[in-house]
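To keep things clear, I will list the structure first and then write my remarks on it.
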Amino acid sequence: MEYHRTRPPNDGPRRGTPRAPLPPQARRPAGERRPAPGAQRGRRPVRTARPMPHGGVPGPRLTGLGGGLFCTVAMSLLGFLDQLLFGSSLTLYGVLFLPVCILTALWVRGSDLLTAPVVVPIAFAVGLFFAADGSGGLLGRLMGLVTGLATQAGWLYGGTLIAGVTVLVRRVLWVRARRRRTSAPLR
């Protein structure tokens with residue numbers, strides 16, 4: 001059986017052999033710097049858009065997963081403390097849920113903005129498992145969770161709405177800033 005070569009032979013110089021000198025038009029004087037990639041004579045170099053630090057919003061930049069973990073851990077901790085210190089005051093739990101929603105929506109990085117309104121209700125339910133009055137073991141705690149979700153739906157919807165509006169405002173501001181940066185003249 002005959003085997004054919006699939007790769008063309010490399011006819012270039014081998015390692016260690018001297019290269020041919022460059023033609024005169026390709027040579028540069030010793031002190032001259034190489035132009036930036038993409039820059040041509042007579043044209044300004046293309047400016048790459050650098051994101052503003054934190055997009056003008058204070059706080060850390062969390063990924064979608066990090067935002068979900070932050071929100072879930074915060075609500076679990078608040079639910080546990082609510083049960084321990086206040087005897088499962090679900091109204092207090094709902095009020096404390098709102099700042100966590102705002103912080104989650106503000107701290108999620110720009111590319112993961114849409115995760116904030118998704119993880120907030122999940123975190124509410126996880127934290128409510130600890131905050132709900134559940135005497136009688138696991139089934140009693142699950143029944144308290146279902147009852148808490150039914151009676152505290154206003155806080156759940158309100159926090160999710162706040163997170164959604166915050167994300168939309170951040171997105172609109174980001175798009176405007178991006179348009180402003182791309183339409184700004186180069187100096």
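By convention here, the first residue in the shown sequence is residue 1.
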Same cluster (ILVMFWY, side-chain, under 4.5 Å), [X] and [Y]:
| X | Y | result |
| --- | --- | --- |
| Val120 | Ile102 | yes |
| Ile122 | Val73 | no |
| Leu173 | Val108 | no |
| Leu113 | Val172 | no |
| Phe130 | Leu149 | yes |

Of all the heavy-atom pairs spanning [X] and [Y], show the shortest one and how long it is.
| X | Y | answer |
| --- | --- | --- |
| Asp82 | Ala131 | OD2-CB, 3.9 Å |
| Ala105 | Ala163 | CB-O, 3.8 Å |
| Val126 | Ser76 | CG1-OG, 3.3 Å |
| Trp107 | Phe70 | CZ3-CZ, 3.7 Å |
| Arg170 | Arg109 | NH2-C, 4.1 Å |
| Leu114 | Val118 | O-CG2, 3.6 Å |

Does the side-chain contact (heavy atoms from CB on, under 4.5 Å) test come out yes or no for Val119 and Thr72, once each step is laid out? CA-CA 8 Å; Val119 299; Thr72 303; 5.7 Å; no
Nearest 0.5 Å, what's the [atom1]-[atom2] distance between [X] and [Y]?
| X | Y | atom1 | atom2 | answer |
| --- | --- | --- | --- | --- |
| Thr147 | Gln152 | OG1 | CD | 10.5 Å |
| Phe86 | Leu81 | CZ | CG | 8.5 Å |
| Leu161 | Leu156 | CG | CG | 11.0 Å |
| Phe129 | Met75 | CZ | CE | 15.0 Å |
| Leu78 | Leu92 | CG | CG | 8.5 Å |
| Leu77 | Leu96 | CG | CG | 10.5 Å |

Using modelled atom types only, decide if a donor and an acceptor are shared between the side chain of Asp112 and the backbone of Thr63 within a distance under 3.5 Å.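 No, Asp112 side chain to Thr63 backbone: no donor-acceptor pair under 3.5 Å.
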Of the options Trp155, Phe124, Tyr157, which is the one that meets Phe97 in a ring-ring contact (aromatic ring centres under 6.0 Å, His included)?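 Going through Trp155, Phe124, Tyr157 one by one, the ring-ring contact (aromatic ring centres under 6.0 Å, His included) with Phe97 is satisfied by Phe124 alone.
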Applying side-chain contact (heavy atoms from CB on, under 4.5 Å), run through Leu128 and Leu90 and close with a yes or a no. CA-CA 8 Å; Leu128 191 60; Leu90 295 183; 3.6 Å; yes
Is the number of heavy atoms from other residues, nucleotides or ligands within 6.0 Å of CG (Leu98) greater than 12?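 Counting neighbours around CG of Leu98, more than 12 heavy atoms of other residues, nucleotides or ligands fall under 6.0 Å, so yes.
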